[in-house]
Amino acid sequence: MKVRFLGTSSAIPTGSRGLPAILIKTMDDSILLDCGEGTQRQMIKAGESLMKIRNVIITHLHGDHFFGLLPLIQTLGILRKNSELHIIGPSGLEGIIGEIEYIMGSKHQFKTSFTEIETKRIYKLNKFILEFFPVDHAGFETYGVKIREKEKPGRFNPEKADELEVPPILRGILQRGFSVKLPNGKIVKPQEVMGPPRKGPIIVYSSDTRPVESVVSKAKGVDMLIHEATYLHDLRDRAMATGHSTALEAGEVANAANVKKLILTHFSARYKEEDLVKFKKEASNIFKGEIVIAKDFLTISL
Ligand SMILES: [Zn+2]
Ligand SMILES: [Zn+2]
């Protein structure tokens with residue numbers, strides 16, 4: 001699984017940071033997590049194919065998290081996307097897209113499906129399993145999300161295959177999970193030559209929120225917590241008033257959840273690039289694991 005940050009500012013873009021968007025991809029599935037204004041240009045700059053986006057998740061209907069969606073849909077229509085685009089978001093999102101397209105008098109000409117976010121539901125995509133949970137964003141309907149890559153098949157054991165006299169031509173079939181019949185008539189099952197299934201990595205994305213118990217409980221022990229840190233702690237009052245977190249508070253959440261890695265993102269545009277090292281320092285006063293300051297086009301492999 002690769003996690004690629006496409007926009008790491010909050011509310012207002014800066015010269016070096018776009019608005020929130022994170023691309024999560026495996027070999028044959030992908031999720032665009034939030035889609036702030038300018039996301040399609042960020043994808044093009046990053047060398048990522050717009051046509052390959054399969055799922056878009058919008059965590060809440062603040063402009064910095066979804067104003068890039070309609071332009072993306074328009075571009076995909078022009079490029080004649082031939083696979084379906086699946087959009088998962090809060091209940092009002094489908095109506096907003098429909099209303100704007102109605103006013104414009106142009107409906108997109110490729111297949112989209114819309115699923116409303118529900119917190120008591122497990123969403124099974126092609127290669128991902130999703131769970132949404134409410135967060136605390138000044139009373140505005142906002143969801144965090146837990147993303148788990150589905151189990152991958154175990155490793156192939158060539159010595160075992162040699163021992164069982166499996167011809168090379170049949171080995172790929174076993175690796176794909178099917179039994180094979182050998183020339184001597186013997187049946188070999190995949191589990192005889194494959195190791196145990198490997199668990200996929202797990203990510204939790206907080207979206208915009210105050211530090212909140214729902215993030216702590218969903219992020220327990222996960223491989224990566226992507227937590228917003230809009231402000232440094234001297235602006236805690238501002239963070240409380242606007243439903244955001246400080247770097248120190250993000251560190252407290254990561255520490256309470258005992259995550260393996262903390263990624264800080266969604267920085268207020270008031271901070272200069274050279275200020276961002278202070279976010280890491282502040283969070284590291286509390287969280288002793290690995291902390292990364294996200295920047296646009298940063299890619300992390302899990
Ligand atoms: Zn935001
Ligand atoms: Zn917001």
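All values reported here derive from a predicted model rather than from experimental measurement. Read the numbers this way: they start at 1 and go in the same order the structure lists the ligands and their atoms. All values below were derived from every heavy atom in this structure, side-chain atoms included, with hydrogens, water molecules and symmetry-related copies excluded.
Partner of His62 under the ring pair (Phe, Tyr, Trp, His ring centres under 6.0 Å) criterion, chosen from His137, His266, His244: His137. Among Leu174, Ile173, Leu170, the single residue meeting the side chain to side chain contact (heavy atoms under 4.5 Å, CB included) criterion with Val188 is Leu174.
For Glu228 and Thr265, the side-chain atoms include no donor-acceptor pair closer than 3.5 Å. A side-chain donor-acceptor contact under 3.5 Å links Glu84 and Ser113.
For the Zn ion (ligand 2), the nearest N, O or S atom contributed by His60 is named NE2. Summary: NE2 is the N/O/S atom of His65 found nearest to the Zn ion (ligand 1). Of all N, O or S atoms in His137, the one lying closest to the Zn ion (ligand 2) is NE2. Summary: ND1 is the N/O/S atom of His62 found nearest to the Zn ion (ligand 2). Of all the N, O or S atoms in Asp208, the one closest to the Zn ion (ligand 2) is OD2. When the N, O or S atoms of Asp64 are ranked by distance to the Zn ion (ligand 1), OD2 comes first.
Ion pairing of Glu48 with Arg4 is present here, as a side-chain N (NZ or NE/NH1/NH2) and a carboxylate O approach within less than 4.0 Å.
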